[in-house]
Amino acid sequence: MAASMAWTCGSLSRHRTRLLPGCLTLRKTFHCSAAARTGGLLFSLNKRGLLKDSFPDTAAQDELPRLLQAAPQTIYCGFDPTADSLHVGNLLAIIGLLHFRSAGHHVLAVLGGATAQIGDPSGKTSERERLSTEAAEANSRGIRESLQRIFTNHELHFHDSSRRLGTIDVLNNLSWYKGRGVVEFLSSAGRHFRMGTMLSRHSVQARLRSADGMSLTEFTYQVFQAYDFHHLNQIYGCRIQLGGTDQLGNLMSGHDFIQKVSGEEVYGLTIPLVTSTVGDKLGKSAGNAVWLNRDKTSPFELYQFFLRQPDANVEGYLKLFTFLPMAEVEGLMEQQRQDPGKRLAHKRLAAEVTKLVHGKEGLESAKRCTNALFHSSVQALEEMDDEELQELFKEAPFHELLLEPGITVIETCRRVNAIPEGPRGYRMVSDGGVSINHNRTDNPEQVLIPKLHILSNGLTLLRVGKRNFYIIKWLSL
Ligand code: YSA
C-alpha cells in the first residue's frame, strides 16, 4: 500500500508542518526535485501552508512537480451535499483547487449526490441520518450555485489575466451511479478491494471502536470515492485528488484501486484541516459553521468572522484563505506589528475572503453593515435595502407600517410593541432608552421627521435598550 508523507519531509515531524514561518525552514527540509524547486506550484502551495500530506511519497515529491510543469493536469475534489451550503472549512479545499486552476490546470469539483446518501464516516463519531435522494439533489443545487459563484468571483477579481486559466467543471457522482446494478458493481469493482486494507483505514478503525460501531453502508463509502477517482481518471484523465486530511484514507483507497484496475499512477494531496479557536474542525457537525451561502451566513457575518480572528491566526489565514502574494502578506504583517490597533491585516483578510465568496457587492454590503452597526453611520443605513437591513439585524422583528401624517415616536414604538403599555413605556422613551436611526430620541411626542427618523429608503431602525432592534418599513398611504 502506498505510504503518505507530510510535505515538509526530512527532519521535521508531521505535526510541525502546518504554518511554517518561511522559506528558510522549507529550503532546509523540503526535499524535492529540480522541477519543484524552480518555483513549482506545489512548492508555493507548501510555502502558504496549504499542503499537508501527499502520496505516494517519493512519486509525489518528484514525479508530480514534474508532471505539473510539463503539461496541464486535471485535479478533483469532492463535496458531499449533506447540507444546502458549503462552509468555510470547505472553502480551503476550493481555494486549493483555484490555485491549480490559476496555474493552468483543469479542475473538477464533484458533488457527491450519490456518496452523500452513503455517508462518509471520516472524522465522524456517529452515523449520519439517512439523506433522501431528493434532499441530496436539493442540497446539490445550493452547493453548485455557491461553487459557481466563487469560481466566477475568483476569475473576475483574483486571477492574473495575463496567465492562462484552466477549465473548471462541476460534476455530480450520481450521474455515473444512476442505473448501475449492485450485483454488477460488486462483482466488477468490489473484487479489487481487500478487506484487510479497508479495515485498516483510520476512519473505519475509529468507528469500530465506538459504542455504535459502523454500518455496512458507511463501511463501503471508501469504495465509492475510490471508484469516482477511477471514473474521473478514465473519462477526464484526472490524476490528482485533493481533500482535507480527513480524506486521506479515501484518497489512498482510490490510489490503490486505480493501481489494480488500470495501473495508472495517480496522486493524492491533502490540505490541513482548519480548526476553531477551541480546536474543533470547522464544519457543520461541530455546530460552529460559517456558511458560504448568503441566506445562511450573510456577507457581513462572514466578514466579521474573519475580522474577529485572534491575532495569532491572521498571518496563517492570509496565506491560506487569500491569494495575496506572500511578500504582500509579509508587508501587511509588518504594518500590523507597527500599528496593531489599526488591524490592517484582519481587515484585509476579511475583505479578501468576503470578495471571493460574495463578490464586490457582497464586500460592499459587509462594509456598509459594519459601518451601520459599529460606527453608527446613518448614511450606511440609508444606503441599505430592507433585505440587507434584515440580514444585519437578523433577530430584529420587521414591521411594515402605514405612514400616517403626524405619527409620533411613542405611537411608533407602541405599534411595533417595542415598549410596555401605559406610563412605563412612556417613561422608557423620556428616560432616553429609545433611539431612532442611531439618534437618541427622548421626546415621546416628537413627530417623526422624514430624513431624520424616516430614511430616504423608507426605513427606520428603532432601538430600545441596548440591543433590542426593530426594523420598520413605511408604506405610503
Ligand atoms: C470526495 C470525493 C468523491 O469522489 C466523492 C465525495 C467526496 C466528498 C468527501 N468524502 C467528503 O465528505 N467531503 S466533505 O463534503 O465533508 O468536505 C469537502 C472537502 O472539504 C473535503 O476535502 C474536506 O476534507 C474539506 N474540509 C471540510 N472541513 C474542512 C475541510 N478542509 C479544511 N478544513 C476544514 N475544517
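Just so you know, ligand 1 is whichever comes first in the structure, and atom 1 is the first atom listed for that ligand. Hydrogens, waters and symmetry mates are skipped; everything else that's a heavy atom, side chains included, is used. Along the sequence shown, residues are numbered consecutively beginning with 1.
Taking only nitrogen or oxygen atoms, main chain and side chain alike, Asp246 reaches within less than 3.5 Å of ligand 1. For Gly112, no nitrogen or oxygen atom sits less than 3.5 Å from a nitrogen or oxygen atom of ligand 1, counting backbone and side chain alike. Here's the thing with His87: none of its N/O atoms is less than 3.5 angstrom from an N/O atom of ligand 1. Annotation: Lys124 places no N or O atom under 3.5 Å from an N or O atom of ligand 1; distance criterion only. Where the criterion is an N or O separation shorter than 3.5 Å, residue side chain and backbone included, Asn90 meets it with respect to ligand 1. Between Asp80 and ligand 1, at least one pair of N/O atoms sits closer than 3.5 Å. The distance criterion of under 3.5 Å between nitrogen or oxygen atoms is not met by Asn173 with respect to ligand 1. Taking any N or O of Cys77, backbone or side chain, none lies under 3.5 Å from an N or O belonging to ligand 1. Residue-to-ligand polar distances keep Ala93 apart from ligand 1: every N/O pair is separated by 3.5 Å or more.
Each of Glu361, Glu388, Glu391 was checked for a salt bridge (charged side-chain N to carboxylate O under 4.0 Å, His left out) with Arg368, and the lone residue meeting it is Glu388.
Counting heavy atoms from C-beta on, the side chains of Tyr317 and Val329 never come closer than 4.5 Å. Looking only at side-chain heavy atoms (C-beta outward), Ile150 and Leu86 stay at 4.5 Å or farther from each other.
Using a 4.0 Å cut-off between charged side-chain N and carboxylate O, Glu315 and Lys319 make a salt bridge. The existence of a salt bridge linking Glu63 and Arg66 is excluded, since no basic side-chain nitrogen approaches an acidic carboxylate oxygen closer than 4.0 Å. Salt-bridge annotation for Asp256 and Arg201: present, with a side-chain N of the basic residue lying under 4.0 Å from a carboxylate O of the acidic one. Salt-bridge check for Glu145 with Arg141: failed, with every basic side-chain N at 4.0 Å or more from each acidic carboxylate O. Using a 4.0 Å cut-off between charged nitrogen and carboxylate oxygen, Lys394 and Glu301 count as a salt-bridge pair.
Closest heavy-atom contact between Ala366 and Pro299: CB-O, 3.6 Å. Scanning all heavy atoms of the two residues, the minimum distance from Gln247 to Asp120 falls at NE2-OD2, 3.1 Å.
Here the shortest heavy-atom distance to atom 11 (C) of ligand 1, taken over His230, Gln247, His231, belongs to Gln247. Considering only non-hydrogen atoms, atom 3 (C) of ligand 1 lies nearest to Asp228 out of Ile118, Ile271, Asp228. Nearest residue to atom 7 (C) of ligand 1 from Gly78, Pro272, Ser203, Pro121 is Gly78 (criterion: closest heavy atom).
For ligand 1, the atoms closer than 4.0 angstrom to any heavy atom of Tyr221 are 6 (C), 7 (C), 8 (C), 9 (C), 10 (N), 12 (O). Per-residue contacts place Leu273 under 4.0 angstrom from the following atoms of ligand 1 (heavy atoms of the residue considered): 29 (C), 30 (C), 31 (N), 32 (C), 33 (N), 34 (C). With ligand atoms numbered from 1 in the order given, ligand 1 contributes 22 (O) to contacts under 4.0 Å with heavy atoms of Gly243. Interface atoms of ligand 1 facing Gln241, defined by a heavy-atom separation under 4.0 Å, are 2 (C). Using a 4.0 Å cut-off to heavy atoms of Phe79, the atoms of ligand 1 that qualify are 8 (C), 15 (O), 18 (C).
Contacts of Phe224 with ligand 1, taken as heavy-atom pairs under 4.0 Å, are absent altogether. Residue contacts with ligand 1 for Tyr76 involve side-chain atoms from C-beta outward but no N, CA, C or O (heavy atoms, distance under 4.0 Å). The side chain of Thr115, and not its backbone, has at least one atom closer than 4.0 Å to an atom of ligand 1 (non-hydrogen atoms only; side chain from C-beta on). Contact annotation: for Val274 versus ligand 1, heavy atoms closer than 4.0 Å belong to both the backbone and the side chain.
In Arg164, the CZ atom is not crowded: 12 or fewer heavy atoms of neighbouring residues, nucleotides or ligands sit closer than 6.0 Å.
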Test His230 against Tyr227 for ring pair (Phe, Tyr, Trp, His ring centres under 6.0 Å), laying out the working first. CA-CA 5 Å; His230 166 65; Tyr227 185 84; 5.8 Å; yes

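Aromatic ring centroids of Phe393 and Phe398 lie 6.0 Å or more apart.
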